[in-house]
Amino acid sequence: MKSFDEKIKKEKENGFASPPYMKSEPEDDFYHSPKHERSLKRERDDDDNDQLYQSYMLISVVTGQLDVLLLDCIFVIFTVIMEMIYLLDSRWEEERYTDGVKWKFLEHKGPVFAPAYEPIPSHVKFYYDGKHMKLSPEAEEVATFFAKMLDHEYTTKDIFRKNFFKDWRKEMTSEERAKITDLKKCDFTEMSEYFKAQSEARKAMSKEEKQKIKEENERILQQYGFCIMDNHKERIANFRIEPPGLFRGRGDHPKMGMLKRRIRPQDIIINCSKDSKVPEPPPGTKWKEVRHDNKVTWLVSWTENIQGSIKYIMLNPSSRIKGEKDWQKYETARRLKKCVDRIRAQYREDWKSKEMRIRQRAVALYFIDKLALRAGNEKEEGETADTVGCCSLRVEHIKLYPENEGQEYVVEFDFLGKDSIRYYNRVPVEKRVFKNLQLFMENKEPDDDLFDRLNTSILNKHLQELMDGLTAKVFRTYNASITLQQQLKELTTAEENIPAKILSYNRANRAVAILCNHQRAPPKTFEKSMQNLQSKIDAKRDQLADAKRELKSAKADAKVRKDEKSKKAVESKKKAVQRIEEQLMKLEVQATDREENKQIALGTSKLNYLDPRISVAWCKKWGIPVEKIYNKTQREKFAWAIDMAEEDYEF
DNA sequence: CACTCGACTTGCCGTGAACTAT
DNA sequence: ATAGTTCACGGCAAGTCGAGTG
């Protein structure tokens, strides 16, 4: 008899047992469409069957010697009973999709903890003020965190050093604390060298050793990397607890260098269902708490000590629960598409309002819509880097030019956004917007809020009234997806070959990334790899010239000789030229693509903003294999879309 | 309302595995 | 087979947004 695990494995191979989001047709409201009801019913049946299957297995264990025919009879009777129970239990579906219930059954093995600290060998010494000093294990561990970062520029920054030293001293014994009073007198170089040597050694490991580590990782993955949620075996995203270390934050972070504490079992909250096998804490330890909250999706949580925020272990994007949410996000954006004209007309009207708060709201919304700015929640000063979004823009972040380079009413934006990425843009705006901005800035200091009568909560409440489920970030999703669709339409030409079409796709993707300001640091090896590519192109050009010469002489030869053999030679030379031309074009396309991509990150928009059905439909329409657009993980994440979208899908 | 907290999405980057050229 | 290069993947910080509280 098949085990439950085997059944799950098979199910994974065959894809999901018809989750509700599979196989849609473009209906306005798929959630409540008859088709959806049908697929829900289908899934319900599958679930019930799974439950039946487990009961069936149980019985078969108890009555192992009974013959199969009898068991089949029991199975049939069970099916009938379950069907009746299902008919009576009309709340089943409601509970799953409303009231915030996220699952009915959840079982997992808990987190994998960071490996314990391994003291460094005694010959690796730490010096204070030139003298060797043996540190206590606690102080030593924190010292190694610093030693490992010695090559980074930020260990020279005052804030980093100050924060680190303060937290380090907390870990010291009182004797150490009395002695070590100045970070400048600390010499970590031997430690640093030791870790460099260690990482070299790791690289130089033999194949067998590497293989062994790989197998061990795979074993841990198999044991801890999956959970069972409502009869589906699902991949967990981050089942490993973050190891201790020094916090580095992004940009100019006031907390950089602080010690990120080691997480212990007594810090961990486990979430699972009551009827599941509760994960065991490591021997001799206890969990902080075990709870059974099916209104949330996380399996494990703990409080992190830098910001005091909660961290979670959740499921992989390929899971039902994430996929469904993702799909829902794009459906909301599609609903916005239907009423965006009305909303735009509305905010343009609101620019004229006599109420300041309404005009501010309308101008902010215009920026969010036109420039794809983020909402911009207020942040606690001194707790994080100073970054802003739309609602938290300050006067110092924009400049107004009544005229600039031949354009009227130009606004210049210059601020640090999420992750301290700079947003710089000059845009001409409507005269009314411009006049309003002038008013908003009147009698204000540079560090005053531009929209002093507005915050994200007010804005989102307003948006909620305009459309159910509408928030500021829906505009980003909507504008990103609609831009991709429109760009794909514009850039793709039927005659092009596949590499050229993919270049078009990347260009459309790039337009979105630029809109959303998704930047990246140019890769460290960019210049070199560009040169390499260029020399390949040059070599290919030479090769082409040679091939053409050969073709020419072959033709001349054929003219003189007029025999079969020389004709054939001409043909084969022609083919060679063609092949080389194609290769050359492919390389050139690659070079263009890479150059244009130097400072732009495509990944974020692809993963978070572009309705995958647009891409899938485009692939189907032009006969491009989806693998050219989405890699394996991406295909897993977007399984729902790949299954759903036909070539005529419209966002 | 303002403020905080909790849950969840979004975002950039470094590492190491996989691939390619030599 | 090895070295160099590319790319996928995971890590984890930093956002968004809604709910609860006083």
Side-chain angles (χ1 to χ4, degrees), chain A residues 100 102 114 152 199 202-203 205 207 210-211 213-214 217 221 225 236-243 245 247-251 253 255-256 260 269 271 293 295-298 301 303-304 306-317 321-322 325-326 328-329 368 374-380 383-385 387-392 416-421 455-461 463-464 469-477 480 513 516-521 523-526 528-530 532-533 536 590 594 601-609 630-637:
Chain A
K102 307 285 168 57
H152 283 104
S199 95
R202 218 172 313 126
K203 267 183 219 156
M205 265 186 320
K207 248 194 193 141
K210 281 184 180 170
Q211 185 60 29
I213 291 172
K214 204 176 160 187
N217 279 334
L221 172 69
I236 299 167
N238 55 325
F239 54 90
R240 287 170 200 274
I241 301 272
E242 296 171 20
F247 178 81
R248 170 66 186 84
R250 318 255 163 86
H253 198 115
K255 298 197 170 183
M256 65 169 86
K260 200 169 87 167
I269 302 174
N271 192 35
D293 183 356
K295 299 260 200 330
V296 296
T297 66
W298 53 268
S301 77
T303 303
E304 153 268 354
I306 304 288
Q307 319 276 358
S309 62
I310 309 168
K311 299 257 184 166
Y312 304 93
I313 291 182
M314 291 185 190
L315 296 192
N316 198 69
I321 208 152
K322 294 286 183 191
K325 196 82 192 293
D326 203 35
Q328 208 177 104
K329 173 182 78 187
I368 285 171
R374 296 189 186 81
N377 283 305
E378 50 270 65
K379 309 168 55 179
E380 222 174 320
E383 294 292 297
T384 57
T387 61
V388 297
C390 185
C391 294
S392 49
L416 297 182
K418 183 176 178 177
D419 293 310
S420 294
I421 297 291
N455 61 39
T456 53
S457 162
I458 296 171
L459 179 66
N460 279 334
K461 274 192 190 112
L463 292 176
Q464 189 58 239
L470 187 61
T471 62
K473 84 186 186 87
V474 178
F475 280 89
R476 250 168 105 78
T477 313
C516 293
N517 200 39
H518 291 144
Q519 298 187 27
R520 64 165 180 177
K524 286 192 180 74
T525 54
F526 185 84
K528 210 170 76 185
S529 84
M530 215 54 207
N532 285 348
L533 194 54
K536 261 195 210 167
Q590 205 185 341
R594 195 179 294 179
L602 299 185
T604 302
S605 49
K606 206 176 197 177
L607 238 46
N608 300 302
Y609 288 104
Y630 292 133
N631 68 31
K632 190 166 130 288
T633 358
Q634 295 171 156
R635 290 198 301 278
E636 277 165 18
K637 168 167 177 167

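Computed from a predicted structure; not experimentally measured. In the text below, chain A, chain B and the rest are named by the order of the sequence lines, each starting its count at 1.
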Taking only side-chain nitrogens and oxygens of A/Lys473, does any of them come within less than 4.0 Å of OP1 or OP2 of B/dT10?
yes
Phosphate OP1/OP2 of B/dC12: any A/Thr604 side-chain N/O under 4.0 Å
yes
Counting any heavy atom closer than 4.0 Å, what does A/Gly603 reach on the DNA or RNA strands: base, sugar-phosphate only, or nothing?
nothing
Which is true for A/Asn532 with a 4.0 Å heavy-atom rule: it touches a base, it touches only sugar-phosphate, or it touches nothing?
sugar-phosphate
Toward the 5' end of DNA chain B, which comes first, A/Arg202 or A/Gly308, by nearest nucleotide?
A/Gly308
Which residue lies more 5' along DNA chain C, comparing A/Gln464 with A/Glu242 via nearest heavy atoms:
A/Glu242
Contact class for A/Ala237 (heavy atom, under 4.0 Å): base, sugar-phosphate, or nothing?
nothing
Run the numbers on A/Ser309 and A/Glu304 for side-chain hydrogen bond (donor to acceptor under 3.5 Å, both in side chains), then give the verdict.
CA-CA 6 Å; A/Ser309 62; A/Glu304 153 268 354; 2.8 Å; yes
Could you tell me how the ring of A/Trp298 sits relative to the ring of A/Tyr312: parallel (under 30°), tilted (30 to 60°) or perpendicular (over 60°)?
tilted
If you compare every side-chain N and O of A/Ser309 against the phosphate oxygens of B/dC5 (OP1, OP2), does one of them come in below 4.0 Å?
no
So what does A/Arg240 hit on the nucleic acid, given a heavy-atom distance under 4.0 Å: a base, only sugar-phosphate, or nothing?
sugar-phosphate
Which part of the nucleic acid does A/Lys210 contact within heavy-atom distance under 4.0 Å: base, sugar-phosphate only, or nothing?
nothing
Hey, which sits more toward the 5' end of DNA chain B by its nearest nucleotide, A/Ile310 or A/Leu607?
A/Ile310
Please tell me if A/Thr471 has a side-chain N or O lying less than 4.0 Å from either OP1 or OP2 of C/dT16.
no
OP1 or OP2 of C/dG11 versus the side-chain N and O atoms of A/Asn238: is any pair under 4.0 Å?
no
Indicate, with a heavy-atom threshold strictly under 4.0 Å, whether A/Ser457 touches base, sugar-phosphate, or nothing.
nothing
For B/dG11, does either OP1 or OP2 sit under 4.0 Å from a side-chain N or O belonging to A/Arg374?
yes
Should A/Lys528 be listed as having a side-chain N or O under 4.0 Å from OP1 or OP2 of C/dT5?
yes
Regarding A/Asn460, tell me which of base, sugar-phosphate or nothing describes its non-hydrogen contacts under 4.0 Å with the strands shown.
sugar-phosphate
So which nucleotide from B/dA21, C/dA14, B/dA2 ends up closest to the side chain of A/Asn455?
B/dA2
Let's see if you can work this out: which of B/dA7, C/dA14, C/dC17 has an atom nearest to the side-chain heavy atoms of A/Ala472?
C/dC17
Taking any heavy-atom pair under 4.0 Å as a contact, classify A/Ala385: base, sugar-phosphate, or nothing.
nothing
Mapping A/Gln590 and A/Leu470 onto DNA chain C by nearest heavy atom, which one lands closer to the 5' end?
A/Gln590
Does A/Lys418 contact B/dT10 through a side-chain donor or acceptor facing the base, at a distance under 3.5 Å?
yes
Does atom NZ (A/Lys210) have a neighbourhood of more than 12 heavy atoms from anything else shown, all under 6.0 Å?
yes
Taking only residues two or more places apart in sequence, or in another chain, which ones meet A/Phe475 in a ring-ring contact (aromatic ring centres under 6.0 Å, His included)?
none
Which nucleotide in the set B/dC8, B/dG11, C/dG15 lies at the smallest distance from any side-chain heavy atom of A/Thr387?
C/dG15
At under 4.0 Å between heavy atoms, what does A/Lys260 touch on the DNA or RNA strands: base, sugar-phosphate, or nothing?
sugar-phosphate
Can you name the nearest heavy-atom pair linking A/Ile368 to A/Arg374, along with the distance?
CG1-O, 4.4 Å
Pairing donors with acceptors under 3.5 angstrom, does anything connect the side chains of A/Lys379 and A/Thr387?
yes
Report which part of the nucleic acid A/Arg250 touches: base, sugar-phosphate, or nothing (heavy-atom distance under 4.0 Å, all strands).
base
Tell me what A/Glu304 touches on the nucleic acid: a base, only sugar-phosphate, or nothing, going by heavy atoms under 4.0 Å.
nothing
State, to 0.1 Å, how close A/Ser392 and A/Val388 come at their nearest heavy-atom pair, and which atoms those are.
O-CG1, 3.4 Å
Please tell me if A/Arg594 has a side-chain N or O lying less than 4.0 Å from either OP1 or OP2 of C/dT6.
yes
Which part of the nucleic acid, if any, lies within reach of A/Thr384 when heavy atoms closer than 4.0 Å are counted: base, sugar-phosphate only, or nothing?
nothing
Looking at C/dA13, I'd like to know if its phosphate oxygens (OP1 or OP2) sit under 4.0 Å from a side-chain N or O belonging to A/His253.
no
Identify whether any heavy atom of A/Tyr609 sits under 4.0 Å from a base atom; if not, whether one sits that close to sugar-phosphate; answer base, sugar-phosphate or nothing.
sugar-phosphate
Touch check for A/Pro317, heavy atoms < 4.0 angstrom, all strands: base, sugar-phosphate only, or nothing?
nothing
If you only use heavy atoms from C-beta on, which nucleotide in C/dA13, B/dC8, C/dT16 is closest to the side chain of A/Lys311?
C/dA13
Side chain of A/Lys322, heavy atoms from C-beta onward: which of C/dA13, B/dT9, B/dC8 has the nearest atom to it?
B/dT9
So if I take every side-chain heavy atom of A/Tyr312 and compare against C/dT6, B/dG6, B/dG11, which nucleotide ends up nearest?
B/dG6
Does A/Lys632 have a side-chain nitrogen or oxygen under 4.0 Å from the phosphate oxygens OP1 or OP2 of B/dA18?
no
Consider the side chain of A/Trp298, meaning its heavy atoms from C-beta on, and name the nucleotide among B/dA21, B/dC12, B/dC8 that approaches it most closely.
B/dC8
What nucleotide, of C/dA13, B/dA7, C/dG18, holds the atom closest to the side chain of A/Met314?
B/dA7
Taking only side-chain N and O atoms of A/Lys325, does any of them lie within less than 4.0 angstrom of OP1 or OP2 on B/dC8?
no
Shortest non-hydrogen contact from A/Arg250 toward A/Asp419:
NH1-OD1, 2.7 Å
